[in-house]
Every structure is written in structure tokens, then in C-alpha cells.
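These notes are about the structure you will find just below.
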Number of protein chains: 2
Amino acid sequence: MDETTAVRAMSALAHAHRLAIFRTLIAAGPSGLSAGEVARAVGIGATSLSFHMKELDRAGLTRSWRVGRFIRSSVEVEAVRRLFGFLVDDCCQGRPELCGGGLTANAVVCCGQDDNESNR
Amino acid sequence: MDETTAVRAMSALAHAHRLAIFRTLIAAGPSGLSAGEVARAVGIGATSLSFHMKELDRAGLTRSWRVGRFIRSSVEVEAVRRLFGFLVDDCCQGRPELCGGGLTANAVVCCGQDDNESNR
DNA sequence: TTGATATTGCAAGAATTATTGAAATATGGG
DNA sequence: CCCATATTTCAATAATTCTTGCAATATCAA
């Protein structure tokens, strides 16, 4: 993960609607939701959802795929993990004796090692 | 953590200079760095650093305190933990059977339970 | 093919955020 | 008290991002 990628990801989450979309999709799990379902859940219009969903996809935080007339989207769990890692991986320069707890940076997100089939 | 707080935190990190500042401070650990040291490390001017540092402080991601003529800043590790949690805590609606790995959302950052004295 | 549903693209204005240097403030040392 | 260092404030400009409705595209079902 480079800085540009990380900034793009943070920017994608730095918006009330997109954060709500992201959290809605995190809750939905690997099978995701259709654009319409997300728009309804978040309370925004189709145009607005499309705009914001595209931002999340572009940032690599979500993935979208077509199922008939619907576009389903879900969170790219691995990307979230990499993002968290990028933020904190150099914590205390990796010298735990500088810190109290002394854990090396680590971020774990639900849904295991990412891809768990479902209807992708 | 509410949505407004989370958006403010993500916005604070959604900028190349501020992300660099944040990561520099994460690496520095609880004792932090002075504004000048950060500015030099990141390669920006004093005015610019002051502007961006204030954003990080305002977002609650960092804390700053005066030591003589210097202002030192360090990362608020607990705030980072809460932010990560807010992003992923509802993962798969807390129903691990929907996910492969089945972990509940969890984000761990170095430096233990936050405050480890040093020169605060 | 036609109609209905689902989603995206476009364009212009509105709003927010970033950049810059110069001046102002705070502190410690002599 | 005066000077040098460290940081912040101010103000104007520049740049980016958001919002909105409507038209366009894609797919399915009849």
C-alpha cells in the first residue's frame, strides 16, 4: 500500500454518505447488497448512490458486480486490512519497548481471509 | 463514536500531508515530536504544519501539549482504536456464520491501553 | 419490440478545503 | 528588557469535491 492509495481510501470514507454505505455493506457481509437496497438503507437517491459507490469502488474499498439488472456491491475486506496496517504498522518504530502494551500494529477484520464465495 | 466524529477523523487522514504527519507520530510513539521535527520529517513549512496539525488535533486523532517553546504532539491511540472499531464493528451483523473466518471485528494498535506517561 | 425497472453519465452551480507569505504571539536566555 | 526561536493567525486566492435533475443505457418480462 502506498500513500496515494491510502489517501484515496481515507478520502472515500471521509464523507457521511459513503461511510454509511461502507458500514451498511460491512454489515451485509460477502454477499453484498444491490445498489437500490443500499440507497434505501442509507436514505439517498440513485444518482447520489451511484456517484458515491463509484468512489468507494475506485478506492478499492468495495467491489461491484452485475447480477441481472442489479449491481451488487460488497466490501473488499483485504483492502481494509491493508489500509489499517498502513496506518499503524510503523507504530513505535516496531520497538515495543517504547510502548506500554508493546503489540506490533495489527488490524483484524471479520470475514476471514477475504473471498468467501457467495454469489460473486 | 458517532458518524460525525468518524467522518471528521477520516477527513483528517484523507490528505497526503496529514497522513504523513500521522504516520510520523505513530512511529515516534507516546513521547511524540515537536512541531518543527514533524515539519522537517514531512517536508512542509511551519504554517502548513500548524494548519494540518490542528486538523488532526480537532479530529481527536492526536494530542498536543507545550514543552517550553515547543509544542509536542502524539497520536491518541485509543481514538484510532475506536475509529477502526466503528468502521467494522457491525461486520456481517455480528453473525460469524455468514463469514468464513468468523472473527468479530477487532482493531489493535501498538502502545497498549493508550497513555504511557513519557513527557506529557 | 415495448414497457418497466435499475443504474449511470452529464453539466453547472454551490460549498468546502488547501496554500501562501507576512505579521502576530509565546517563550527562554542573556 | 531585548533578541532569537518556535508556532499560530490572518486573509485572499486557488483547487477540489458535492449536489441535483434529467437524459441515456442496460436488462428483464410480456
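This structure is a prediction, so every number in the text was calculated from the model and none was measured. In the text below, chain A, chain B and the rest are named by the order of the sequence lines, each starting its count at 1.
Within the 4.5 Å cutoff, side-chain heavy atoms of A/E37 are placed close to those of A/R72. Within the 4.5 Å cutoff, no side-chain heavy atoms of A/V75 are placed close to those of A/L61. Using a 4.5 Å heavy-atom threshold, the side chains of B/M53 and B/S64 count as touching.
Aromatic ring pairs are classed by plane angle as parallel below 30°, tilted from 30° to 60° and perpendicular above 60°; the pair A/H52 and A/H15 is tilted.
When rounded to the nearest whole Å, the span between CZ of B/R40 and C1' of D/dT7 equals 13 Å. In this structure, the CG atom of A/D57 is 11 Å from the P atom of C/dG9, given to the nearest Å. Whole-Å rounding puts the B/W65 CH2 to C/dT27 P distance at 17 Å. Protein atom CG of B/L49 is 13 Å distant from nucleotide atom P of D/dT9, rounded to whole Å. Distance, B/F70 CZ to D/dT8 C1': 16 Å, rounded to whole Å. The CG atom of B/L56 sits 11 Å away from the P atom of C/dA18 (whole-angstrom rounding). Straight-line distance from the CE atom of B/M53 to the C1' atom of D/dT7: 13 Å, rounded to whole Å. Regarding A/R72, its CZ atom lies at a distance of 15 Å from the C1' atom of C/dT7, rounded to whole Å.
Shortest non-hydrogen contact noted between B/R18 and B/F51 is NH1-CE2, 4.3 Å. Contact detail for B/L87 and A/F22: the closest heavy-atom pair is O-CE2, 3.6 Å. Here the closest non-hydrogen pair linking B/L13 and B/L56 is CD2-CD2, 4.2 Å.
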Under the 3.5 Å Watson-Crick or G-U criterion, the dot-bracket string of DNA chain C, with | for inter-strand pairs: ||||||||||||||||||||||||||||||

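At distances below 3.5 Å, not a single donor-acceptor pair connects side-chain atoms of B/R66 with backbone N or O atoms of B/I71. Checked by atom type and distance alone, the side chain of A/T5 never pairs as donor or acceptor with a backbone atom of A/M1 at under 3.5 Å.
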Per-nucleotide protein contact string for nucleotides 17-29 of chain D (B base, S sugar-phosphate only, - none; heavy atom under 4.0 Å): -SBBBB---SBS-

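Between B/K54 and D/dT9, a side-chain N or O to OP1/OP2 separation shorter than 4.0 Å is present.
Within 4.0 Å of B/A35, counting heavy atoms only, lie sugar-phosphate atoms of the nucleic acid but no base atom.
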